[in-house]
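Working notes for the structure below.
Residue indices begin at 1 and follow the sequence shown. Both counts, for ligands and for their atoms, begin at 1 and track the order of listing.
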Amino acid sequence: MSFAVGVIGMGRMAQALVRPLVESGALRGSDLIAVVGHERSVARLKPELPSEITVISSGDPRVPQAWETPVQLLAVKPQQLDQVAESAGNTPLSEPPLLISVLAGVTLERLQSTFPGRVCVRAVPNTPCLVAEGLCGLAWGRDVSPEQKAWVRGIFEPVSEVLELPESQLDAFLALTSSGPAYVALIAEALADGAVAAGLPRDQAHRLAQRTLAGTAALLDRQSLHPAQLKDMVASPGGTTIAALRVLEKAGLRSALIEAVMAATERGRALR
Ligand SMILES: NC(=O)c1ccc[n+]([C@@H]2O[C@H](COP(=O)([O-])OP(=O)(O)OC[C@H]3O[C@@H](n4cnc5c(N)ncnc54)[C@H](OP(=O)(O)O)[C@@H]3O)[C@@H](O)[C@H]2O)c1
């Protein structure tokens with residue numbers, strides 16, 4: 001039996017991408033073969049995934065079938081890349097397969113040298129893809145056809161806004177969008193702590209902090225506001241907000257966030 005799509009690594013990110021495609025009918029589950037690391041993961045995943053998807057472990061003799069598909073989604077951890085590459089083999093194929101990697105920090109150059117004979121694409125999705133609110137940056141390798149580009153966009157568009165970027169910008173993209181949810185989570189937690197300090201119950205403080213962040217993001221987005229405009233709308237003369245903003249400026253919040261994005265960018269570059 002031959003498959004149309006091979007998924008190498010069916011963890012959280014691959015599931016977030018594949019599930020909506022199968023559930024919407026854009027991809028038939030029976031056209032998909034997924035490889036995971038361990039037999040116990042096969043047993044855990046089978047009842048969770050659409051039943052027509054073939055799920056096998058890395059020790060299964062059918063692994064080469066996943067590498068013979070015209071489209072391959074690589075979604076293992078970056079440290080598993082070399083081990084996985086060994087299983088890819090050098091099966092000669094009539095058409096070079098399309099390999100889409102979501103591995104953080106693994107460059108197109110490394111992908112192309114690790115998987116010769118494949119057309120490679122690097123994708124940087126972020127965690128909000130898990131709830132179809134993501135962002136995804138795409139950098140094309142050599143010789144990707146317009147049809148293949150359309151195919152790749154179709155994989156990420158159900159769960160994210162998709163941007164095509166030069167690979168040189170992906171470190172900054174990742175430092176903002178992939179690490180960003182951690183910065184925002186820290187802010188949400190600290191805001192809730194402040195509200196608890198001011199007397200609100202813990203559960204309520206968390207819910208209110210989260211809703212304040214979500215509502216603010218929606219307002220910025222839907223009214224296409226510059227952040228400074230929104231800040232000025234909220235801060236009335238001599239009021240409570242400007243008193244708080246004064247404290248945040250003195251504490252260096254703005255500078256801390258700028259430096260955080262720079263630090264993540266530089267770390268991403270150093271890890272290559
Ligand atoms: N999760 C995110 O929000 C996110 C965001 C952006 C980018 N990414 C990128 O996405 C990739 C996957 O992340 P994840 O969070 O989905 O990781 P994960 O949940 O740990 O999934 C990794 C998958 O790889 C499988 N695997 C391990 N060894 C394998 C092998 N030899 N052959 C085939 N499959 C193997 C694992 O199976 P077992 O469980 O059986 O070991 C598991 O299904 C990473 O490279 C990460 O940089 C993730």
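- Between atom CH2 of residue W151 and atom CD1 of residue I100 there is a gap of 7.0 Å, rounded to the nearest 0.5 Å.
- Looking at ligand 1, you won't find any N or O of A14 less than 3.5 Å from one of its N or O atoms.
- Of the N or O atoms in M13, one or more lie within a sub-3.5 Å distance of an N or O in ligand 1.
- Considering both main-chain and side-chain atoms, G11 comes within under 3.5 Å of ligand 1 through a nitrogen or oxygen pair.
- When only interatomic distances are considered, the shortest N/O to N/O separation between S41 and ligand 1 falls below 3.5 Å.
- Neither M13 nor V35 shares a network with the other; the hydrophobic side chains, linked directly or stepwise wherever heavy atoms of I, L, V, M, F, W or Y lie under 4.5 Å apart, form separate groups for each.
- For I8, no nitrogen or oxygen atom sits less than 3.5 Å from a nitrogen or oxygen atom of ligand 1, counting backbone and side chain alike.
- Across the listed options S58, A34, P125, P125 owns the non-hydrogen atom lying nearest to atom 6 (C) of ligand 1.
- Per-residue contacts place Q83 under 4.0 angstrom from the following atoms of ligand 1 (heavy atoms of the residue considered): 31 (N).
- In summary, the atoms of ligand 1 found under 4.0 Å from a heavy atom of L103, numbered by their order in the structure, are 45 (O).
- Hydrophobic clustering of Ile, Leu, Val, Met, Phe, Trp and Tyr side chains at less than 4.5 Å, counting indirect connections, keeps L99 apart from V119.
- Side-chain atoms of Q80 come within 3.5 Å of backbone N or O of K77 as a donor-acceptor pair.
- Applying the 4.0 Å criterion to heavy atoms of A104 picks out, from ligand 1, the atoms 45 (O), 47 (O).
- The ligand atoms of ligand 1 that sit less than 4.0 angstrom from a heavy atom of V84 are 30 (C), 31 (N), 32 (N).
- The side chain to side chain contact (heavy atoms under 4.5 Å, CB included) test with V7 is passed by exactly one of I53, L32, V36: L32.
- Each of the following atoms of ligand 1 lies closer than 4.0 Å to a heavy atom of T127: 3 (O).
- For ligand 1, one of its N or O atoms has an N or O atom of H38 under 3.5 Å away.
- The nearest non-hydrogen atom to atom 11 (C) of ligand 1, considering only V76, L45, V7, comes from V76.
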